[in-house]
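Chain naming here is simple, since letters A, B, ... match the order of the sequence lines and numbering starts at 1 in each.
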Protein chains: 2
Amino acid sequence: MKQKITLKDIARELGVSISTVSKALKNSEEISRDTKERIQAFAKLYNYRPNNIAISLKNKRSRNIGVIIPNIVHHFFTTCVRGVELYANAKGYNVIVCLSDESFDKEVINMEMLANGSIDGFIMSLSMETMMKDDYNHLKEVTDQGIPLVLFDRTTDEVVCDKVVIGDREAAYMAVKKLIDSGRKRIGVITSDDYLIMVHDRMEGYKEALTEAGISIDENLILPMSQMQFDEEAVNAFLETQKVDAIVTVNEIFAVRAMKMAQRKGYKVPEDIAFIGFTDGLLSKYANPSLTSVDQHGELMGEHAARMLINKIESEQEEETYTTEILKATLIERESTP
Amino acid sequence: MKQKITLKDIARELGVSISTVSKALKNSEEISRDTKERIQAFAKLYNYRPNNIAISLKNKRSRNIGVIIPNIVHHFFTTCVRGVELYANAKGYNVIVCLSDESFDKEVINMEMLANGSIDGFIMSLSMETMMKDDYNHLKEVTDQGIPLVLFDRTTDEVVCDKVVIGDREAAYMAVKKLIDSGRKRIGVITSDDYLIMVHDRMEGYKEALTEAGISIDENLILPMSQMQFDEEAVNAFLETQKVDAIVTVNEIFAVRAMKMAQRKGYKVPEDIAFIGFTDGLLSKYANPSLTSVDQHGELMGEHAARMLINKIESEQEEETYTTEILKATLIERESTP
DNA sequence: TTGTAGGCGTTATCAA
DNA sequence: TTGATAACGCCTACAA
């Protein structure tokens, strides 16, 4: 087993000082051609690599960025992480991924774990529990310390920092408008009772599109699921009692499951009922019929978040300007709409 | 902005030495109750937290583990990462996730980036390109340096280290046997032409089950996709020319897509053709009909890998024993099989 | 051209 | 009971 070699080792072996070695390996002009060559050859032979940790300590920069997401087994977050990774790696940063598992405590623990030098900045999406508690002190502490933070998707106005979100209201509006334009009148929505802004925004967009088309809001057509859990019975009752001709949902799982139930009841999709989901993942793509869905561009979102963060990290001056980027969602039309 | 406070700062403010502060904060018996209380109160007030990087440098341990996977937008790998995270976090480790994107070069770069002190050990699954090139020098270098490595799922015999894999042969055998037991005779398989051991193993299991049941292997029933890309035309031709009564596939996407095509052709699932996929993800669960699938227990796999790695990291002695854990896959029966 | 010394933040050993 | 010192690996201003 060949142990890692350090500057000190090289210096000892070659009978020179550590700083000579350090300079030689940086190809410094100060060092004679001769010594440089000797040292570089030796370093190469023994495969010398500077120790990241020592450099981090010296520079007070780790070149790591911390990403905290509520859940990784989730297509949208997964694409975001991918976007962050690709951009960050290209810029020479590593990505430390932590999962809050939708728990406030885990979120706090993860942040504390990383905030002590391990990372140069955070990219995160809030856990459900955090949003319910409406407690953002852990975030404020981090920003107070001057650690850059970028919130994405699940954000809050309580914390002053850079943000990247999708235009949820517009996206929902767009989806519903498309249904109206194709003649649908009784448009149901399967939503959630969560304290998520995005859910709220999507509902706004839904209502706006209806109102604009002169269709009055029928509260019976709004079916909230509690805790993001799909409730088969409720949906069953909903399908039986409300004669809907279209359904939009706040995620793709709800759409695919509701669609399957409707099909089993003998409805034809999209002829009898059209469906539009949110979050364009594998499910939408491969459902039968394939699902028209709102693409939230997770990868792009991750990339933007990473770009904003790294800009902040690398900008010398303490700018106190924070921006919120609003990305535009796109409707991917497939077989579940006419 | 309140900057991070260090031992030195506390020492200066309270007029004591750095080592006194250090000891006091560790509640050392050496320090008088009085000074300890003063120091601890001050530290608490200013929210002192030791700097991880300095501790890493001192201890030559980072408490980070590096995970390198080919792709994160993939249900199986995602569940593995989750398993690693949960176990590692519980043990006080952070997880640095890097994506090789199925590229040999990226895999090498990522490993080099992390291998210089950033992490205490690696958990990884090989990229396709690495397996094709059959070049594992980057892995060998890492193990030569004494950095613990655990390979999972996509492994190789070329590298001596701990491994965690699923019993692919048995899993495929089990799936095919189930089809045979329910009376199916012409069992097709949609596979891949990749250099992945798992694909090879699954084909072995397929053949074994048939042979055992006295059914001869019909090469026409074996349809390889190149580069893991689903080829609609090929599957179309396959469905038309081969009168299969069941199809097993090496992943869930192939199964769901083939199933959809079969349904469009008027076949009833599972009555006319039964389907079994590999990798039990959302697609299998929510397909219509839902798909019987082989669960590879990604989360458990990740957890095992993390456990093996952390054991190695924390074991004092240089044991030179490496084990390969073979996890048992399970068949999740749903609507796509009788 | 090369080397010395101090520092990044922490801990451990030993001296006072 | 407290403090000085060295060390982890690297960098750099300054001295030789």
Side-chain angles (χ1 to χ4, degrees), chain A residues 3-40 42-43 46-64 113-120 145-147, chain B residues 3-40 42-43 46-64 113-120 145-147:
Chain A
Q3 272 293 349
K4 277 262 117 180
I5 193 176
T6 70
L7 290 184
K8 200 185 198 175
D9 298 328
I10 302 183
R12 185 172 9 81
E13 291 302 315
L14 264 39
V16 291
S17 81
I18 295 179
S19 57
T20 305
V21 178
S22 173
K23 289 169 186 164
L25 293 179
K26 295 203 131 44
N27 233 323
S28 159
E29 291 303 326
E30 293 181 24
I31 308 296
S32 73
R33 169 106 144 243
D34 219 50
T35 7
K36 273 203 287 200
E37 276 172 4
R38 260 176 66 226
I39 294 177
Q40 287 171 0
F42 189 92
Y46 285 93
N47 194 30
Y48 169 78
R49 293 276 182 278
N51 179 307
N52 291 333
I53 299 286
I55 292 177
S56 294
L57 183 59
K58 181 108 243 286
N59 298 344
K60 296 173 157 224
R61 295 264 319 269
S62 63
R63 292 196 86 80
N64 285 153
M113 211 159 163
L114 298 181
N116 303 301
S118 299
I119 52 90
D120 297 337
Q145 281 172 39
I147 301 178
Chain B
Q3 273 291 351
K4 277 262 116 180
I5 193 177
T6 70
L7 289 184
K8 202 185 197 174
D9 299 327
I10 301 182
R12 185 172 7 80
E13 291 301 316
L14 295 180
V16 291
S17 80
I18 296 179
S19 49
T20 303
V21 177
S22 173
K23 287 170 187 163
L25 293 178
K26 292 206 134 43
N27 233 322
S28 159
E29 290 303 325
E30 291 181 27
I31 309 296
S32 74
R33 169 109 141 243
D34 219 49
T35 16
K36 271 202 290 198
E37 277 171 6
R38 257 175 69 228
I39 294 176
Q40 287 171 359
F42 188 92
Y46 285 92
N47 194 28
Y48 168 79
R49 292 277 181 276
N51 180 306
N52 291 334
I53 299 287
I55 292 177
S56 294
L57 182 59
K58 184 105 244 284
N59 298 345
K60 298 178 152 218
R61 294 263 318 269
S62 63
R63 293 196 86 82
N64 285 154
M113 211 158 163
L114 297 182
N116 303 302
S118 299
I119 51 90
D120 297 336
Q145 281 173 37
I147 301 179

What do the steps show when you test A/Tyr48 against A/Ile10 for side chain to side chain contact (heavy atoms under 4.5 Å, CB included), and what is the final call?
CA-CA 9 Å; A/Tyr48 169 78; A/Ile10 302 183; 4.0 Å; yes
If the condition is side-chain contact (heavy atoms from CB on, under 4.5 Å), which residues does B/Thr20 pass it with, not counting sequence neighbours?
B/Val16, B/Ser17, B/Ile31, B/Ile39
Suppose we call a contact any N or O donor and acceptor under 3.5 Å apart; does that hold for the side chain of B/Lys58 and the base of C/dT11?
yes
Does anything in residues 18-27 of chain A reach DNA chain C, meaning a heavy atom under 4.0 Å, and if so which residues?
A/Ser19, A/Thr20, A/Lys23
How is B/Ser56 classified with respect to the nucleic acid when contacts are heavy atoms under 4.0 Å: base, sugar-phosphate, or nothing?
nothing
Indicate whether OP1 or OP2 belonging to D/dG9 is found under 4.0 Å from a side-chain N or O atom of A/Tyr48.
no
OH (A/Tyr46) with more than 12 external heavy atoms under 6.0 Å:
no
Taking any heavy-atom pair under 4.0 Å as a contact, classify B/Leu7: base, sugar-phosphate, or nothing.
base
Closest-nucleotide 5' rank along DNA chain D - winner of B/Thr35 and B/Asn59:
B/Thr35
Qualifying residue, where the test is side-chain contact (heavy atoms from CB on, under 4.5 Å) with B/Ile53 and the options are A/Asn116, A/Ile53, A/Asn64
A/Ile53
Listed nucleotide nearest any side-chain atom of B/Ser17, set D/dA4, C/dT2, D/dC10:
D/dA4
Taking the side chain of B/Ser32 as its heavy atoms from C-beta onward, which of D/dT1, D/dC8, C/dG9 lies nearest to it?
D/dT1
For C/dG7 and B/Lys8 - does any side-chain N or O of the residue sit under 4.0 Å from the phosphate oxygens OP1/OP2?
no
Tell me which of B/Arg49 and B/Glu30 sits closer to the 5' end of DNA chain C, going by the nucleotide each one is nearest to.
B/Arg49
Please give, in whole Å, the distance from C/dC8 P to B/Gln3 CD?
13 Å
Out of D/dG3, D/dG9, C/dT10, which nucleotide sits closest to the side chain of B/Val16?
D/dG3
Checking D/dC14, D/dC10, C/dC8 against the side chain of A/Pro50 (C-beta onward), the nearest is D/dC10
Send over the distance from A/Ile53 CD1 to C/dT10 C1', rounded to a whole Å.
13 Å
Measure from the side-chain N and O atoms of B/Asn59 to the backbone N and O of B/Arg61, and report whether any donor-acceptor pair falls under 3.5 Å.
no
pair A/Gln40-A/Asn27: side-chain heavy atoms closer than 4.5 Å:
yes
Please state whether the phosphate of C/dG9, meaning OP1 or OP2, lies under 4.0 angstrom from any side-chain nitrogen or oxygen of A/Lys60.
yes
A/Ser22 versus A/Ser19, side-chain donor and acceptor atoms under 3.5 Å
no
